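In listed order, ligands and their atoms are each counted from 1. Note that this is a predicted model, so its numbers are computed, not measured.
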Amino acid sequence: ARAQIGVTGLAVMGRNLARNFARHGYTVAVHNRSYAKTESLVADHGTDGDFVPSESTADFVASIARPRKIVIMVKAGGPTDAVIDELIPHLEEGDVVIDGGNAHFPDTIRRERKLADLGLHFVGMGVSGGEEGALNGPSIMPGGPKESYATLGPILEDISAKVDGVPCCTWVGPDGAGHFVKMVHNGIEYADMQLIAEAYDLLRHGLDADAAEIGKIFEEWNAGDLESFLIEITADVLQHVDAETGKAFVDVVLDQAEQKGTGRWTVQNALDLGVPITGIAEATFARALSGSVPQREAGRAALASDAGTWDVTDRDAFVEDVRLALYASKVVAYSQGFDQIAAASAESGWGIDRGAMARIWRGGCIIRAKFLNRITEAYERDADLPLLIADPYFADIVGKGLQAWRRVVSQAALNGVPTPAFSSSLAYYDGVRAERLPAALIQAQRDFFGAHTYRRVDKDGTFHTEWSGDRTEHDA
Ligand code: NDP
């Protein structure tokens, strides 16, 4: 047994992770359900380093030095359980099984318990960065028992992305914490993409510009506060020309966004926790609306627009307004995502360090951005920060763009351009800073029809009013 680590599941992600390990000098045991993928990995990339291929699970496990570290990189769900069950009879106490797939975190919690009972370590590990990241350095979010990180951590940090020499990998927390954080990462990614798409749509309508011109604007934005992987690829995509038609590529793509489910999981979990992640939710629903084909057909046929003709006179000022509105909305979406992490961490006792999460997202992953440094700094100033946008740096930067944000959202409404994420982010901002909310009326209504009781601003206790009788108030 000479391999230092094993990888089973050699589709795009597993193959590239295995190559990444090998390129960093590790001897890598490789295995896949169908042997052809194992053979082709060694045939095509054997020069990357030292691979130990096995056809059977028994040989694969036997080829790894103890305590074994085995990364599973297969289709999430049933296949992951199938692979775990196949490995178990061959494993020995202290071995570490690592699931690098996009598992739903409750599954990870369940699997961790099962393996812990057998004396095995199970690490649910979020991996972001797609196939490119897996090969050249992903952002890695491992959870599971902390003691397993002592031996596993250095290897993962070695193959992860680095920003200013700092690895984009850290132990996130026990059991499902790693996959939970990866899920929220993906939720934030949905919001970020939707906000960028809305900015593009606003520029398109407001400026009456073509895709390539807007691509140039994104290119300029990428030199400032908004600098990020998603803005960079947006600039690229918008300037890409379809080879077949000669048209802007984005204009020949069907406008129905799909999803694999991590956004939906994020929203479902936020509903359970009662955390308002309106940006991520609107982004997820915007994808759903885009795919609602019969509804959109009916809407197009029957619904009036009654929108004005958008007459942007100062084009540069408008572009700057959209940029500021995008930045402010983005800060809100991230703030909400970090709130969700805090709430789940408190509920599950995970002890997640939010500043560290922002740090490991600076490189390797899809939402990688310079601006994440600012988030890390905010949590370094106050590890228990209750609201990220209320951190002095963010409060100041959002405050400076506030007029622009309001202009953009109102112009969008007046001109009939849908901006669910921009608009809801502004509504959240105004809601969370409001002195008083109409929730007082909701409470009164609830007490009226359901005797649900209410609390008062002027004294402690719980009260109920006799709405149908003499309307006296009494303690409930
Ligand atoms: P896929 O999700 O397409 O899964 C294919 C792999 O799963 C193959 O190796 C296949 O083996 C194996 N597999 C499927 N069913 C079984 C089974 N019942 N028993 C054993 N093996 C099985 O591969 P990807 O590389 O795209 O993704 C791997 C994991 O990484 C997934 O969980 C995915 O969600 C996650 N992920 C993917 C990212 C991406 O950008 N693609 C980014 C981050 C995470 P065989 O060859 O024999 O069919």
Aromatic contact between His179 and Phe105, with the criterion being ring centroids under 6.0 Å apart: yes or no? no
Output all residues satisfying side-chain contact (heavy atoms from CB on, under 4.5 Å) with Asp85, sequence neighbours left out; order by chain, then residue number. Ile88, Lys114
Ligand 1: protein residues within heavy-atom distance under 4.0 Å: Gly9, Leu10, Ala11, Val12, Met13, Asn32, Arg33, Ser34, Lys37, Met73, Val74, Lys75, Ala76, Pro79, Val83, Gly101, Asn102, Val127, Gly130, Lys182
Salt bridge (Lys or Arg N to Asp or Glu O under 4.0 Å) contacts in which one or both residues fall within residues 154-174, not counting sequence neighbours: Asp164-Arg362
Just verifying a value: how many Å separate Asp107 CG and Asn102 CG, rounded to the nearest 0.5 Å? 12.0 Å
Can the ring centroids of Phe371 and Tyr334 be said to lie less than 6.0 angstrom from one another? yes
List for me each residue that meets side-chain contact (heavy atoms from CB on, under 4.5 Å) alongside His205, sequence neighbours excluded, and say none if there are none. Asp201, Trp310, Val417
